[in-house]
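This report concerns only the one structure given below.
One is the number of the first residue; the rest follow in order along the sequence.
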Amino acid sequence: MKKGIMLFVFAGIMAVVLTIARNGGSKSSGVLYVFSYGDYYDPAIVEEFEKETGIQVIQDTYDTAEELYPIIENNPSRYDVVCTSDYMIGKMEKEHMLAPLDKSSIPNLKNLDPKYMKKAEAFDPGNKYCVPHTCGTMGIIYNSKKAGDVDFNSWDALWNPEMKGQIVMPDSLRDAYVIGLSRRGYDINTENSAQVKEATADLMAQKPLVYKYANDSARDLVADGSAVAGVVWNGEYKYVKGLNKNAEFSVPKEGTEFYIDGWVVPAKAKNKENAMKWINFLSRGDIAYKNFEYLYYTIPNTAAYKKIDPEDLNNPAIFPTDETLARCHSLTTLSHKGDALYSSEWKKVKGE
């Protein structure tokens, strides 16, 4: 009889526990929902994190920051930790979509390079919400053997008639206008209609020289000789160089876009404690080094620097110099009016 009563009580307790869990009454659980750009960290580190913490990692990926935004907006508790771009982080901060970091739970923040943390303050004042994951510059990768006398130290190279049918331009509104605006010496975030329209006219005049508008495939088109030059992020340099010894990378003198992609925690995330453990894990020197070896993007982690081959660490195509960083600027979120202006002008360029 007592045994039956005990089983009945136990069953009742379990029912209550399960109900609480289903209703989100638990502050944290043994899972972590991660949302990131695709293929943006070494897959092996996920298994390592799970073994060390006992936390199960459930991963989803997306292609563009614009795709991420409505997903978080419409389902703010779906993911616990998100990796996205600087301008989108700034937008999400302003709209109160992010939770402040619990820095006491992220002791490995000490490993983050101060100069990149300072850069991050352009969109995250006080480094309250974001821990940088990768960073870098946009520039031109080109085949030095096929380039002839074209000077790739200027964006003008992409308007050189000798490059007809040999250029890969970004199939991205903001990135394309970074090129057009920088070439004329304008702010890459300008909402001045006349300046944006000047860039439009230039991009339309350039179209006969363009082999293809592409993003990720630009590196492969230069590597295999389909194109002489393409606009890529500096993290693509080592990959292309490994396939084509004649590949070189240039950050044009007029300046370019500098980006930081970082980890943030949605304000309504269910497993914030686990998110902090993930961020702290990725900020560890050995893990940051593994991600560098996997990505070859600039990793802003001083503990990782000690492990990186000096040849890579001192290569300005992989780790930009202070002089290069000084002439680079980050994208910021445009106003609704600015968005409409750029969108209508980009349609003209693409002929849509």
Side-chain angles (χ1 to χ4, degrees), residues 22-24 29 31-41 46 57-101 120 122-125 128-135 138 170-178 188-191 196 213-217 233 257-272 274-276 278-279 282 297 330-350 352:
R22 280 196 297 268
N23 293 333
S29 64
V31 296
L32 178 73
Y33 290 88
V34 177
F35 202 28
S36 171
Y37 289 116
D39 201 28
Y40 214 28
Y41 45 83
V46 175
V57 178
I58 301 171
Q59 306 169 78
D60 278 340
T61 63
Y62 64 93
D63 293 323
T64 69
E66 287 71 25
E67 176 188 336
L68 166 140
Y69 178 80
I71 293 173
I72 302 298
E73 181 183 37
N74 295 328
N75 196 345
S77 63
R78 181 174 176 178
Y79 296 103
D80 300 313
V81 67
V82 171
C83 184
T84 193
S85 299
D86 39 26
Y87 69 95
M88 185 54 65
I89 293 170
K91 177 180 176 68
M92 294 169 76
E93 281 185 28
K94 289 177 183 177
E95 297 182 12
H96 309 291
M97 295 171 67
L98 301 178
L101 297 169
F123 61 91
D124 178 25
K128 293 180 181 179
Y129 297 94
C130 169
V131 175
H133 176 59
T134 67
C135 53
M138 187 173 75
D171 192 12
S172 164
L173 183 161
R174 293 300 300 273
D175 293 340
Y177 275 89
V178 164
I188 64 173
N189 296 297
T190 184
E191 295 191 17
V196 174
Y213 291 91
N215 297 319
D216 293 342
S217 64
W233 297 102
E257 178 185 347
F258 171 83
Y259 83 93
I260 292 177
D261 288 346
W263 292 100
V264 295
V265 178
K268 295 188 178 180
K270 295 177 181 177
N271 301 294
K272 291 186 176 72
N274 294 349
M276 300 305 160
W278 172 259
I279 293 172
L282 290 177
Y297 275 79
S330 298
L331 289 178
T332 58
T333 304
L334 299 170
S335 67
H336 291 303
K337 183 178 179 181
D339 273 331
L341 170 65
Y342 277 84
S343 294
S344 64
E345 291 299 304
W346 181 237
K347 287 178 181 178
K348 294 177 186 177
V349 175
K350 295 300 295 291
E352 298 175 359

Just so I know, are the side chains of [X] and [Y] near enough to count as touching, which here means a heavy-atom distance under 4.5 Å?
X      : Y      : result
Val46  : Tyr41  : yes
Pro266 : Arg78  : no
Met276 : Val265 : yes
Arg174 : Leu334 : yes
Cys135 : Phe258 : yes
Asp175 : Trp233 : yes
Glu345 : Tyr177 : yes
Asp171 : Lys350 : yes

With Val81, the side-chain contact (heavy atoms from CB on, under 4.5 Å) member among Val131, Leu32, Asn274, Leu282: Leu32
Mark yes or no for whether [X], through its side chain, and [Y], through its backbone, hold a donor-acceptor pair below 3.5 Å.
X      : Y      : result
Asp124 : Ala120 : no
Ser335 : Gly338 : yes
Asn189 : Thr332 : yes

What is the distance from atom [atom1] of [X] to atom [atom2] of [Y], rounded to the nearest 0.5 Å?
X      : Y      : atom1 : atom2 : result
Asp80  : Lys272 : CG    : NZ    : 8.5 Å
Ile72  : Lys268 : CD1   : NZ    : 12.5 Å
Leu173 : Tyr342 : CG    : OH    : 8.5 Å
Cys83  : Ile89  : SG    : CD1   : 7.5 Å
Glu66  : Ser172 : CD    : OG    : 7.5 Å
Trp263 : Trp278 : CH2   : CH2   : 5.5 Å

Crowded around [X] [atom1]? As in, over 12 foreign heavy atoms under 6.0 Å?
X      : atom1 : answer
Tyr33  : OH    : no
Asp339 : CG    : yes
Lys91  : NZ    : yes

Heavy atoms of Met88 and Ala65 approach each other most closely as CE-O, 3.5 Å
Over all heavy atoms of both residues, which pair between Pro170 and Tyr213 is shortest? Give the atoms and the distance, please. O-CD2, 3.9 Å
Using the ring of each side chain (for Trp, its six-membered ring), is Tyr259 parallel, tilted or perpendicular to Tyr297, with breaks at 30° and 60°? perpendicular
Which residue pairs pass the ring-ring contact (aromatic ring centres under 6.0 Å, His included) test with at least one member in residues 57-82, sequence neighbours excluded? Phe35-Tyr62, Phe35-Tyr79, Tyr37-Tyr62
May I ask you to check whether Tyr40 and Asp261 show a side-chain donor-acceptor distance below 3.5 Å? yes
